[in-house]
Structures are given as C-alpha cells and as structure tokens.
2 protein chains.
Amino acid sequence: MTPEDIPDIVISRLPVYLRALSRLQTEGQEITSSKELGERLGISSAQIRKDLSHFGEFGKQGTGYEIKKLVDQLRRILKVEREWDVALVGAGAIGHALAHYNGFADNGFRITMIFDNDPAKIGTRLNGFEICDVARLGEQIQEHNITLAMVAVPAETAQAVTDELVKAGVRGILNYAPINLTVPEHVHVQYIDPVVHLQRITYYV
Amino acid sequence: MTPEDIPDIVISRLPVYLRALSRLQTEGQEITSSKELGERLGISSAQIRKDLSHFGEFGKQGTGYEIKKLVDQLRRILKVEREWDVALVGAGAIGHALAHYNGFADNGFRITMIFDNDPAKIGTRLNGFEICDVARLGEQIQEHNITLAMVAVPAETAQAVTDELVKAGVRGILNYAPINLTVPEHVHVQYIDPVVHLQRITYYV
DNA sequence: TAGATTGTTAATCGATTAACAATC
DNA sequence: TAGATTGTTAATCGATTAACAATC
C-alpha cells in the first residue's frame, strides 16, 4: 500500500489520533479501544479501525490497542519518529509565539532558523536563535538542508517568500499568512488562519 | 434551505472563497469567474458553483460574479457582516500574538475581554485591554453577552476553561490547546494545532 | 466458555465532476 | 450572432458505517 493510495482525509485524522493517544498515555492508561478513542474524539469506532487498517494490524481482538505500540506506529507512519528542523520566516507577533511554543520540541519539530526583513530585528536573538536577514533565506536553507518552513509574514510578501523557500528545496510549508499560496505539486502546504476558523463557527452560532 | 441541510464541508470552504475574493478586491479587480477563482484556490470551478448554489444565484451567465456583491453575500451567509465580540482566555505567548493580530479587527472580530490565572498578569494591560482573573470568567462573559471565545491555555486546563465558557453561554470556541474538547451539541469548536498540521505535512515529505 | 473487540466486507450514504441548456 | 459562463442535472467517484466472522 503506497502513500498515494491512502486518502488524504485518512492522513488528516492520524495526527489527531496520535495526539489523543499521547494524552491517554500521559494519563497513565496503557490499553484503549477504537470505541473509547472514538468517543473521546467524536468519531465512530468503525472509522478509526478502517483508517488504521490502511497501514497494518495494530490491535488485538477482545482487548483493543496497546497505546504505546500504536503511538510508535503512528509516529512511524507520519514520519515523526525522527527530528525535523524547521525554518521560521517572520519574527512578528505570530513568529514570536511560534518560536516560544514548547509543543514543537515535544513532538520532534525544532525551529533552527529564523528570518525577518526588519533591520532592527536582524542580528538579535529570539528564543536563543539569531534572526537572519530574509535576503539570505535561500542560501541558508540550502546550506542546512531544511525541508520544512513556517511562514508568518504579511499576506503581501507570503508568495514571494514561498517561492524562495521552494527554490531552496523546502517541501512542506505551514502558512500563517491569510492568503492562498501557489506551489509546485511536490510541495505540501497547510493553512492556519484564525479568521477562517472563526467564520466557520459564526455560521452555526 | 435551512443551515442543517448544507454540508459542513461546503461551509468550511466559504471562508476560503471569501478570503480570496477580498484579496482580488484589494488588487482592484471587480469581476471574477468560478474558473478564475478555482484556479487560484486549486478547486474545480464546478465545485465553487455548486457550493454557492446552495445559497442562491449570485452570478451572471457569460460574465461571472461581481466580486463586491459576492463578498457581501458570503459575509451575510457566514454572519460576519456584523461585529463579533470575542473573549480570549490565556495571555501567554499565543494569547499575546492573538491579542495583537490585526486580521481580527479587519474581519469583524474584536477581542474585548482577556483572562489569565497568573497573578503577575492580572490587572495589567494587553493591547489596551485589562487582563482579568480567570476566576471571574463566567460572570464577566455572561454580563457582556459574549458568545465567542478563543482558548489559549495549556492542555491541562483547557477542558475546565471550556466548561466554564459553555456554562456562561459561549456558543463557539477556537481552541489552541492541543487537546480534544468535549462540548454540548449546540457549541461549535474549531481546532488550531500547528503540530497536527506539521504532522500531516511530514507524511508526504 | 462467555464477553469483548478487532479487521474487513458489502451496503449505504454523500461529495465531486462532467456535461449542457439557459442566457448574458 | 458568437463566445463565455452560469446554475443544475445525472453520473461517477469516494467515504462512512453496519454487520459479522475471527479470535483473544
């Protein structure tokens, strides 16, 4: 079963399963079932079993899943059993929050490079890392073989920054700018825009 | 066509259409087509037309859509033609970034209330608003009739904060804590967790 | 053995898309 | 009129779920 066979909607749920399982683990639980996990997440147990079945058999009839084992498997499937270096572009308020977010290190992501275009910020440090001139972005990213980046710049410059990142070899982008990015097929973009999420809420309120 | 008839997947795309149309507007364009919009967003033109058709007829054969008109309609559908007051719970790094984010005001969302549990922060100001004791959260939210909240507290306290918010009448929550929240049916939650998004990217990289 | 839960099948349900008449 | 694009229909495609044999 090659990656391209597995629906993206399935992939999108795996990190959510992983997060819930990790949480159960910190709560000291060792075994769970698709029923219990489904109830926690508001998802049917059948869907969880079906999703997991794309990748192998991880449970035991009558018992359920050993959480530690399933966590390890999901980490492997999502390729987060390793450490990922991430470049952060934009050292404004959002960049600042991202640079200080502990959740990254805990999950194998490490911001190792920060860029900005503000001369007042270039050369200063943010959470221990020196802020570099965005003009040297391509060169630096290539030199350190970075493949993941977070874009936290204004909408106006986000596409230009993205083009630079792609040219330098970045394969995955987490975009905080409120704009749709155009990228080649081999580059994967995820979007975080609180306004988009809030507008989806207000429809129902 | 009542709201509950319209698939949530359709609703989830409307804010993205709105964002792209607003952008076209700031670029000075007045007319667009489902083809053009679809190419910008990587979505088929048929899907855009189908999505919009749930709510009425907004285009003109042979011409396309008047952007200003379509923007107004989408704002009305999503209920963001009005101003929404939002409570922010948590004045850490993420709360700080949210409090300073200009994108909210530009789109009709106004953070009018900020809460934290840190005595060192309570009473100080963040972007002009006084940080209130989270112990008074329910009382304050009820008094000001707030229906939207952003949760930016650690995972450990997120569910307790949520329960308070719900009890006080909040109907929509944007959750930044890396945990699944349990809420009654009438409350709508959206999740923002950069780790979840990054893990979805690494699968493909 | 009795009870529980998996992995999988087949049926159901829902979303996307191709195609086109209508019409600007 | 010729060209373009909408809104909608029907077909296709894909995802979810109910059910159950297998089995711990």
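Every chain is numbered from 1 and lettered A, B, ... according to where its sequence line falls, protein lines coming before strand lines.
- Side chain of Ser44(A), nearest nucleotide from dT17(D), dT23(D), dC24(C): dT17(D).
- The nearest whole Å value for the distance from the CD atom in Gln61(A) to the C1' atom in dT23(D) is 5 Å.
- Rounded to whole Å, the distance from NZ on Lys50(B) to P on dA15(C) is 9 Å.
- Taking only side-chain atoms of Pro7(B), from C-beta outward, the nucleotide of dT5(D), dG7(D), dA15(C) with the closest atom is dA15(C).
- Side-chain nitrogen and oxygen atoms of Thr63(A) include none within less than 4.0 Å of the OP1 or OP2 phosphate oxygen of dC24(D).
- Taken from NE2 in His197(A) to CD1 in Ile192(A), the straight-line distance is 7.5 Å, to the nearest 0.5 Å.
- Other residues, nucleotides and ligands contribute only 12 or fewer heavy atoms inside 6.0 Å of the NZ atom of Lys60(B).
- Straight-line distance from the CZ atom of Arg13(B) to the C1' atom of dT17(C): 12 Å, rounded to whole Å.
- Rounded to a whole Å, the OH atom of Tyr65(B) is 13 Å from the C1' atom of dA4(D).
- For the residue pair Gln25(B)/Glu30(B), the side-chain donor-acceptor check at 3.5 Å is not satisfied.
- Distance Leu37(A) CG to dT5(C) P: 13 Å, rounded to the nearest Å.
- Residue Lys35(A) is out of contact with every strand shown, counting any heavy-atom pair closer than 4.0 Å.
- The distance between atom CD of Gln47(A) and atom C1' of dG7(C), rounded to the nearest whole Å, is 15 Å.
- Ser45(A) comes within 4.0 angstrom of nothing in the nucleic acid, heavy atoms only.
- Heavy-atom nearest nucleotides on DNA chain D were determined for Lys60(A) and for Ile9(A), and the one closer to the 5' end corresponds to Ile9(A).
- Arg49(B) places its CZ atom 16 Å from the C1' atom of dA15(C), with the value rounded to the nearest Å.
- Applying the 6.0 Å contact sphere to CZ of Arg76(A) captures more than 12 heavy atoms from other residues, nucleotides or ligands.
- Protein atom CD1 of Ile48(B) is 13 Å distant from nucleotide atom C1' of dT5(D), rounded to whole Å.
- Ranking dG7(C), dT8(D), dT5(C) by closeness to the Ser33(A) side chain, first place goes to dT5(C).
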